[in-house]
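First the proteins, then the strands, lettered A, B, ... as listed; each starts at 1.
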2 protein chains.
Amino acid sequence: MEDQKIPQVTAKRLPLYYRYLEKLHAIGKKRVSSAQLSEALQIDPATIRRDFSYLGELGKKGYGYNVNYLLQFLRDFLRQDEVTNVVLVGVGNLGTALLRYNFYRSHNTKIVAGFDNDPAKIGTEVDGIPVLSMDRFKEVAELHNVEVVILTVPASVAQATADQIVEAGIRGILNFTPARLNVPPNVRIHHIDLTTELQTLIYFLKKFPVDEESETAREMDEAHKN
Amino acid sequence: MEDQKIPQVTAKRLPLYYRYLEKLHAIGKKRVSSAQLSEALQIDPATIRRDFSYLGELGKKGYGYNVNYLLQFLRDFLRQDEVTNVVLVGVGNLGTALLRYNFYRSHNTKIVAGFDNDPAKIGTEVDGIPVLSMDRFKEVAELHNVEVVILTVPASVAQATADQIVEAGIRGILNFTPARLNVPPNVRIHHIDLTTELQTLIYFLKKFPVDEESETAREMDEAHKN
DNA sequence: ATGAATTTGTGAAGAAGGTAACAGATTGCG
DNA sequence: CGCAATCTGTTACCTTCTTCACAAATTCAT
């Protein structure tokens with residue numbers, strides 16, 4: 001394993017770079033500097049250069065980065081040519097919206113099925129994606145080599161569902177429920193907690209009401225920015 | 001401003017604590033220790049104690065934390081008794097799902113309206129929330145004292161929409177679009193980038209395939225955990 | 001060809017966050 | 001009551017991430 005040393009935060013930014021480079025490539029731009037990337041992505045240029053430097057010496061002094069080369073490099077690094085199959089569990093409001101979200105077109109991630117326990121939903125399709133009974137989870141997951149689940153069930157059944165999908169061999173969960181899931185250490189969970197995000201945003205606004213004159217307020221705001 | 005020193009990460013965890021304390025309160029639990037909270041929320045107990053210590057000396061040695069007291073304290077601190085009005089802009093798949101999500105019941109955050117430019121949607125309701133034309137944005141935002149927007153428009157119009165809502169006096173944006181918005185420094189943006197989250201999760205799984213025997217893999221996994 | 005302008009990669013410093021470890025306070029058992 | 005068990009608050013340290021600042025390489029204009 002060559003690349004163990006890439007910081008977590010850097011790994012999270014790589015898809016961002018990748019996406020923007022695709023855009024640059026599409027409009028025919030040949031070169032780009034860390035300053036330009038910084039402008040577009042609002043990330044400090046030193047941070048950008050540092051991020052790339054973890055992957056190798058990808059730029060050239062006095063020139064910047066070659067868009068095609070960098071794009072290709074990131075494509076390989078992020079394995080953007082492999083399609084990853086995922087499934088979604090919990091076809092409620094949010095689940096349905098995500099089934100329609102079409103991660104696939106742009107990002108080589110394909111939702112092959114949705115799962116739910118509501119008999120009214122089982123057997124239907126959302127945007128061409130079949131909704132199946134949880135009874136068939138393991139079978140379907142194994143058939144499609146699925147290792148990642150998008151979890152959008154109600155909080156009350158989150159843990160039980162997690163147990164079931166982990167038992168079926170799932171290794172990654174994108175958890176939209178507020179529950180903190182208990183899983184074996186080899187299963188990776190990323191949380192997206194919509195309520196908390198909204199609350200935290202509101203918290204900062206309430207605690208630090210901006211007053212146009214105050215330089216302090218602006219600094220603080222900066223310091224706390226995502 | 002007394003509480004400028006609360007670390008950003010702590011602020012993000014406070015709603016988590018609050019939510020769990022509500023649960024404990026509901027089942028009649030009177031006291032709780034940082035170890036118990038740690039178990040439930042999967043946050044290191046020292047981190048939890050440190051978080052609370054920013055707010056004051058809320059616990060008692062040899063006893064732990066009084067659930068009612070702590071809950072009340074956090075309620076005040078997080079201003080959970082004030083209702084915050086927000087609006088949602090972009091009533092597509094995701095937007096519709098979020099309108100139905102009902103942040104309100106549990107968290108004193110009320111979506112008072114959705115906005116869109118599609119004539120077919122304008123004038124309809126989603127779960128009792130009216131969908132209005134963007135022409136009326138400023139008027140309605142001012143009427144309801146709205147300072148926060150949930151932004152779920154297509155990426156292509158994200159910046160233009162942001163300009164418009166900022167111009168109308170909005171101070172916080174929960175940005176679900178992949179666009180990195182350019183806004184004045186007094187406007188706070190929190191990003192929720194669904195595609196990137198999924199990609200990052202997949203990246204970690206691909207790069208660090210778990211091999212049951214390898215202690216290193218497990219450590220790394222731990223180190224990279226969200 | 002020359003020199004000014006650009007721009008990277010990185011060393012060094014600093015900021016932010018996490019956690020081990022423990023003194024001191026309190027509880028609660030016997 | 002007395003003593004072991006419990007549990008906080010915090011000090012000290014460690015890790016992770018960010019950013020400044022600059023030498024070195026390259027480009028570009030003239």
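- Among the nucleotides D:dT8, C:dT10, D:dT18, the one closest to any side-chain atom of A:Ser53 is C:dT10.
- For D:dC22, the OP1/OP2 oxygens have no side-chain nitrogen or oxygen of A:Arg49 closer than 4.0 Å.
- Between the side chain of B:Arg50 and the base of D:dT11 there is at least one donor-acceptor pair of N/O atoms closer than 3.5 Å.
- A:Asp163 places no side-chain N or O within donor-acceptor distance of the main-chain N or O of A:Glu167, the cut-off being under 3.5 Å.
- Between the side chain of A:Asn85 and the backbone N or O of A:His144 there is at least one donor-acceptor pair closer than 3.5 Å.
- Of the two residues contacting DNA chain C, namely A:Lys61 and B:Asp51, the nearest-nucleotide position lying further toward the 5' end is that of A:Lys61.
- Between B:Tyr63 atom OH and D:dC7 atom P there is a gap of 11 Å when expressed in whole angstrom units.
- Nearest to the side chain of B:Tyr65, among D:dG9, C:dG17, D:dT19, sits D:dG9.
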- Task: Report the C-alpha distance between B:Arg19 and A:Asp193 in whole Å, list the side-chain angles of each, state the deciding distance to 0.1 Å, and finish with yes or no for salt bridge (Lys or Arg N to Asp or Glu O under 4.0 Å).
- Result: CA-CA 12 Å; B:Arg19 193 158 59 196; A:Asp193 191 327; 2.5 Å; yes
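- Considering only side-chain N and O atoms, A:Ser34 lies nowhere under 4.0 angstrom from the phosphate OP1 or OP2 of C:dT7.
- The distance between atom NZ of B:Lys12 and atom P of C:dG18, rounded to the nearest whole Å, is 11 Å.
- At least one side-chain nitrogen or oxygen of A:Arg13 sits closer than 4.0 Å to the OP1 or OP2 atom of D:dT18.
- A donor and an acceptor atom, one from each side chain of B:Tyr18 and B:Arg75, are located under 3.5 Å apart.
- For B:Lys60, a side-chain nitrogen or oxygen approaches OP1 or OP2 of C:dT27 to under 4.0 Å.
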